[in-house]
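Below: the structure, in C-alpha cells.
Since we're looking at a predicted model, the values are computed, not measured. Residue numbers start from 1 in every chain, and the chains themselves are labelled A, B, ... in the order their sequence lines are given, proteins ahead of strands.
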Amino acid sequence: MTRKERFAQFIQHFATHQPEAETELYYENPFQLLVAVILSAQCTDKRVNATTPVLFKAFPTPQALANADVTEVFEYIRSISYPNNKAKHLVGMATLLLNEYNSEVPNKVEDLVKLPGVGRKTANVVVSVIFDKPAMAVDTHVFRVAARLGLTVRAQNPNQAEKQLVKFIPEQYIARAHHWLILHGRYVCVARNPKCNECAITSFCKMYQANAKKGLLI
DNA sequence: ATCCCGAGGG
DNA sequence: CCCTCTGGAT
C-alpha cells in the first residue's frame, strides 16, 4: 500500500466515523484556549481541565493574569506538570498580550511563538482551533500514531512529521486530522500497549501489518 | 518505570 | 543538539 493510499483510507475512515472530532480541552474564549494549551504540555487534558475553571475565574482576562503574582498563579496550577515554568510563562504571555497585542490572541503562528510558553505545537493548535487555519500541531500522540500508521516515514522530530503530514493531507482535512490522530492515540493507539484488538483501522496500519506478517499478532 | 496535546536555555 | 523543568496517573 502506498502512503497516498494510507492517507486516503485514513481520511475516509475518520471522516465517516468521527467527523465531529475536536479538542477535549475546556475553554470558552481564545484567551482561555491559549492558557489551556500552554498548561497541557506534558500533562493530560483531563488534569488541565481539572484546574482551569478555577484559574479562569481568578484570572479572566489577559490584564488580570498580567497583573498577577507568579507565586499566586503557581498555587492555582501546582498540580500540573512544570508549575514553576508555566506560572512564569502565563504571566509573561499575558503581559505581552496586554502590551503588544491589545489583549487579543494573535492569529499568526509567527506572532504566537513570540509569547512565553508558546512553541510551534501550541501556536499550531491555536491557529487551527480558534482561527480555522490548516495547521498541523504535532504532539506526542500525533507523532507516535502517524509513525505507526505509516503516514510519516522516518520522521525524527515533530517538525519533520508536520511537513510530511501537511504535504499529504488536503487543507480542508488538516485541522480534523490533527484531532483524529490525537483521539486515536489517546484511547486506542496508546503509547505502551496499543489496543490493536479494538482498533478499527488495522487494515491500513503499517505497524500492525508488519507485526502480523511477522506472526506477532492474531 | 513510563507517559501525558512541550518549551526554553545552554 | 543536548538538558532541565516536574505532578499525577497507570
Side-chain angles (χ1 to χ4, degrees), chain A residues 14 18 20-27 30-52 54-55 70-71 73-97 105-106 109-131 133-149 151-152 155-162 165-166 169 174-195 198:
Chain A
F14 285 104
Q18 216 170 331
E20 77 296 348
E22 55 186 24
T23 182
E24 293 186 331
L25 288 170
Y26 163 73
Y27 73 101
F31 173 63
Q32 290 186 354
L33 178 77
L34 177 55
V35 171
V37 180
I38 289 173
L39 291 176
S40 74
Q42 296 295 291
C43 187
T44 59
D45 279 13
K46 197 175 285 185
R47 176 124 300 276
V48 173
N49 291 340
T51 66
T52 44
V54 183
L55 181 72
V70 172
T71 58
V73 176
F74 172 86
E75 291 306 320
Y76 284 90
I77 63 169
R78 59 156 62 242
S79 69
I80 288 188
S81 50
Y82 315 133
N84 270 309
N85 284 346
K86 287 173 180 175
K88 219 176 299 175
H89 290 157
L90 287 182
V91 175
M93 177 277 286
T95 302
L96 205 54
L97 276 191
V105 177
V109 169
E110 54 181 285
D111 288 328
L112 284 162
V113 294
K114 292 176 188 168
L115 301 169
V118 180
R120 183 163 185 85
K121 177 254 163 179
T122 298
N124 276 336
V125 172
V126 171
V127 299
S128 167
V129 172
I130 299 297
F131 300 107
K133 294 188 180 181
M136 172 59 70
V138 178
D139 65 7
T140 180
H141 292 304
V142 172
F143 190 76
R144 178 185 69 251
V145 175
R148 284 178 176 173
L149 286 174
L151 299 181
T152 56
Q156 295 187 344
N157 55 58
N159 278 344
Q160 291 179 10
E162 179 185 337
L165 292 170
V166 168
I169 302 176
I174 289 180
R176 275 172 287 175
H178 162 74
H179 289 115
W180 291 334
L181 290 167
I182 293 225
L183 295 172
H184 189 61
R186 185 173 298 159
Y187 297 111
V188 182
C189 197
V190 295
R192 280 182 261 202
N193 295 105
K195 304 172 183 174
E198 301 176 20

Categorize [X] for me: base, sugar-phosphate, or nothing, with a 4.0 angstrom heavy-atom threshold over every strand shown.
X: A:V118; answer: sugar-phosphate
X: A:R186; answer: base
X: A:I182; answer: base
X: A:S79; answer: sugar-phosphate
X: A:N84; answer: sugar-phosphate
X: A:L39; answer: nothing
X: A:P83; answer: sugar-phosphate

Rounded to whole angstroms, how far apart are [atom1] on [X] and [atom2] on [N]?
X: A:L115; N: B:dG6; atom1: CG; atom2: P; result: 18 Å
X: A:K46; N: B:dC3; atom1: NZ; atom2: P; result: 19 Å
X: A:L25; N: B:dC4; atom1: CG; atom2: P; result: 15 Å
X: A:N157; N: C:dC2; atom1: CG; atom2: C1'; result: 14 Å
X: A:N85; N: B:dG6; atom1: CG; atom2: C1'; result: 11 Å
X: A:Q42; N: C:dC5; atom1: CD; atom2: P; result: 15 Å
X: A:L34; N: B:dG6; atom1: CG; atom2: C1'; result: 14 Å
X: A:I80; N: C:dC5; atom1: CD1; atom2: P; result: 19 Å

Could you check whether A:Y82 and the base of B:dA7 form a stacked pair, meaning centres closer than 5.5 Å and planes differing by less than 30°?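 Not stacked by the 5.5 Å and 30° rule.
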Using the C1' atom in both, what is the distance from B:dC5 to C:dC3, to the nearest Å?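 Approximately 22 Å lies between the C1' atom of B:dC5 and that of C:dC3.
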Suppose you measure atom C1' in B:dC4 against the same atom in C:dT6; what distance do you get, rounded to whole Å?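 That atom pair is separated by 12 Å.
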May I have the list of side-chain donor-acceptor pairs in residues 110-123 of chain A shorter than 3.5 Å, sequence neighbours left out?
from   : atom 1 : to     : atom 2 : distance (Å)
A:R120 : NE     : A:E162 : OE1    : 2.8
A:R120 : NE     : A:E162 : OE2    : 3.3
A:R120 : NH2    : A:E162 : OE2    : 2.8

Residue-phosphate contact under 4.0 Å: [X] side-chain N/O, [N] OP1/OP2:
X: A:T122; N: B:dC5; result: no
X: A:R47; N: B:dC5; result: no
X: A:H89; N: B:dA7; result: no

Let me spell it out: for each of A:G117 and A:T140, pick the nucleotide of DNA chain B with the closest heavy atom. Which residue's pick is nearer the 5' end?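 It is A:T140, whose closest nucleotide lies nearer the 5' terminus.
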Whether over 12 other heavy atoms sit under 6.0 Å from A:K88 NZ: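 Incorrect, the count does not exceed 12.
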Decide yes or no, distance alone: a donor-acceptor N/O pair under 3.5 angstrom between the base of B:dC5 and the side-chain of A:T44.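 No such pair is found, so the answer is no.
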Which listed nucleotide (B:dC4, B:dC5, C:dG7) is nearest to the side chain of A:A191?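 Of the candidates, B:dC4 comes closest.
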Taking the minimum atom-to-atom distance to the side chain of A:R192, which one of B:dT2, B:dG8, C:dT6 wins?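 Minimum distance to the A:R192 side chain belongs to B:dT2.
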Sidechain-backbone polar pair: [X] side chain, [Y] backbone, donor-acceptor under 3.5 Å:
X: A:R186; Y: A:T44; answer: no
X: A:T152; Y: A:L165; answer: no
X: A:T52; Y: A:A36; answer: no

Would you indicate whether the side-chain heavy atoms of A:V125 and A:H178 approach each other to under 4.5 Å?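 The answer is yes; the side chains approach within 4.5 Å.
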